[in-house]
Amino acid sequence: MRIANIAHSTTDQAGFLQVLIALAKEKGVVGYPGEGANQWNAVHVRDAASVFRLAWEKGPAGSYWHAVADGAIPLRAIAEAIGSRLGLPAVSIPADVLMVPGYFGFLANIVTQSYPASNLITRRTLGWEPTQPGLLDGLDNGHYFRAN
């Protein structure tokens, strides 16, 4: 099972989003590398659980499945959604050896990559249809930004 880079829900306590939000709060801006066109994928944890169940029930042995609801979200769109909720600007971090690690730290090599993925075979073969809110809708509803 290939689970999306970002598995999200209203109960998230850890993961990429929490780290990106913490970085934004620390730095005072929401960074994205270069043009921010690199693509990430996401899935709501309930939709991911549904794929696991369907794979167990219907999937041929030895098959590979993509638990991916949002298959190609530009990292810039994720940064802009975070910035909108935090009241911080989303800014390009120049993608050179010094600047990206300076902002992203240990995530520098991860955030500069694209991870597009298709759920077409998973949907067709298993009959899976994501039903939960997508990542950008999840960011927009505010549960990641509750006061601590």
Side-chain angles (χ1 to χ4, degrees), residues 1-52 54-55 63-148:
M1 183 72 62
R2 177 185 183 195
I3 299 176
N5 299 72
I6 299 175
H8 60 96
S9 78
T10 57
T11 60
D12 281 355
Q13 299 295 313
F16 283 126
L17 286 181
Q18 297 294 352
V19 173
L20 293 175
I21 291 166
L23 277 172
K25 289 178 179 178
E26 175 189 332
K27 307 284 184 175
V29 297
V30 188
Y32 55 87
E35 298 293 320
N38 53 317
Q39 299 173 341
W40 279 31
N41 55 69
V43 67
H44 192 283
V45 295
R46 288 185 184 197
D47 286 328
S50 175
V51 175
F52 275 92
L54 288 168
S63 298
Y64 295 93
W65 311 107
H66 285 184
V68 171
D70 299 317
I73 307 168
L75 194 55
R76 181 178 182 161
I78 296 169
E80 288 171 344
I82 292 169
S84 173
R85 294 300 295 187
L86 293 176
L88 296 173
V91 300
S92 172
I93 305 297
D96 66 25
V97 186
L98 299 175
M99 293 303 292
V100 172
Y103 180 91
F104 290 106
F106 74 95
L107 288 177
N109 290 327
I110 296 169
V111 298
T112 57
Q113 303 300 310
S114 280
Y115 305 96
S118 171
N119 64 17
L120 184 62
I121 293 171
T122 303
R123 287 179 25 240
R124 282 186 181 167
T125 307
L126 300 178
W128 176 64
E129 288 298 328
T131 60
Q132 299 300 312
L135 174 63
L136 297 179
D137 289 336
L139 284 170
D140 193 44
N141 83 19
H143 65 267
Y144 285 99
F145 307 98
R146 293 185 182 122
N148 294 339

Ile121 atom CD1, neighbour heavy-atom count above 12 within 6.0 Å
no

Glu35, CD: over 12 other non-hydrogen atoms inside 6.0 angstrom:
no

[X] to [Y] - nearest heavy-atom pair and separation:
X: Arg85; Y: Asp140; value: NH1-O, 3.2 Å
X: Gln39; Y: Pro116; value: OE1-CB, 3.4 Å
X: Val43; Y: Ala48; value: CG2-N, 3.8 Å
X: Val19; Y: Phe106; value: CG1-CZ, 4.3 Å
X: Trp128; Y: Ser50; value: CD1-OG, 3.6 Å
X: Ala24; Y: Leu88; value: O-CD1, 3.4 Å

Any chance you could lay out the side chain to side chain contact (heavy atoms under 4.5 Å, CB included) test for Asn41 and Asn5, step after step, and finish with the verdict?
CA-CA 6 Å; Asn41 55 69; Asn5 299 72; 2.9 Å; yes

Please answer whether the main-chain N or O of Ala79 pairs with a side-chain N or O of Tyr32 as donor and acceptor at a distance below 3.5 Å.
no

Is it the case that the side chain of Tyr103 and the backbone of Lys27 share a donor-acceptor pair, with hydrogens and angles ignored and the cut-off at 3.5 Å?
no

Run Thr122 and Leu54 through side chain to side chain contact (heavy atoms under 4.5 Å, CB included) and show every step you take.
CA-CA 9 Å; Thr122 303; Leu54 288 168; over 6 Å; no

Do His44 and Pro133 make a side-chain contact, defined as non-hydrogen atoms from C-beta onward lying under 4.5 Å apart?
yes

Distance in Å, [X] [atom1] paired with [Y] [atom2], rounded so as to fall on 0.5 Å steps:
X: Tyr115; Y: Leu75; atom1: OH; atom2: CG; value: 10.0 Å
X: Leu20; Y: Ile78; atom1: CG; atom2: CD1; value: 7.5 Å
X: Phe52; Y: Met1; atom1: CZ; atom2: CE; value: 4.5 Å
X: His66; Y: Leu120; atom1: NE2; atom2: CG; value: 11.0 Å
X: Asp47; Y: Ile3; atom1: CG; atom2: CD1; value: 12.5 Å
X: Thr125; Y: Asn119; atom1: OG1; atom2: CG; value: 11.0 Å

Glu26: which residues meet the salt bridge (charged side-chain N to carboxylate O under 4.0 Å, His left out) condition with it, sequence neighbours left out?
none

List the residues meeting salt bridge (charged side-chain N to carboxylate O under 4.0 Å, His left out) with Arg2, not counting sequence neighbours, and say none if there are none.
none

Is there any salt bridge (Lys or Arg N to Asp or Glu O under 4.0 Å) pair reaching into residues 65-80, and which pairs are they, with sequence neighbours excluded?
Arg76-Glu80

Does anything in residues 113-125 pair up under salt bridge (Lys or Arg N to Asp or Glu O under 4.0 Å), and if so which pairs, sequence neighbours excluded?
Arg123-Glu129

How far apart are the C-alpha atoms of Thr112 and Phe104, what are their side-chain angles, what is the distance that settles it, and do they pass the side chain to side chain contact (heavy atoms under 4.5 Å, CB included) test?
CA-CA 10 Å; Thr112 57; Phe104 290 106; over 6 Å; no

Which residues share a ring pair (Phe, Tyr, Trp, His ring centres under 6.0 Å) with Phe16, sequence neighbours left out:
Trp40

Contacts of Ala81 that satisfy side-chain contact (heavy atoms from CB on, under 4.5 Å) - sequence neighbours left out:
Leu136, Leu139

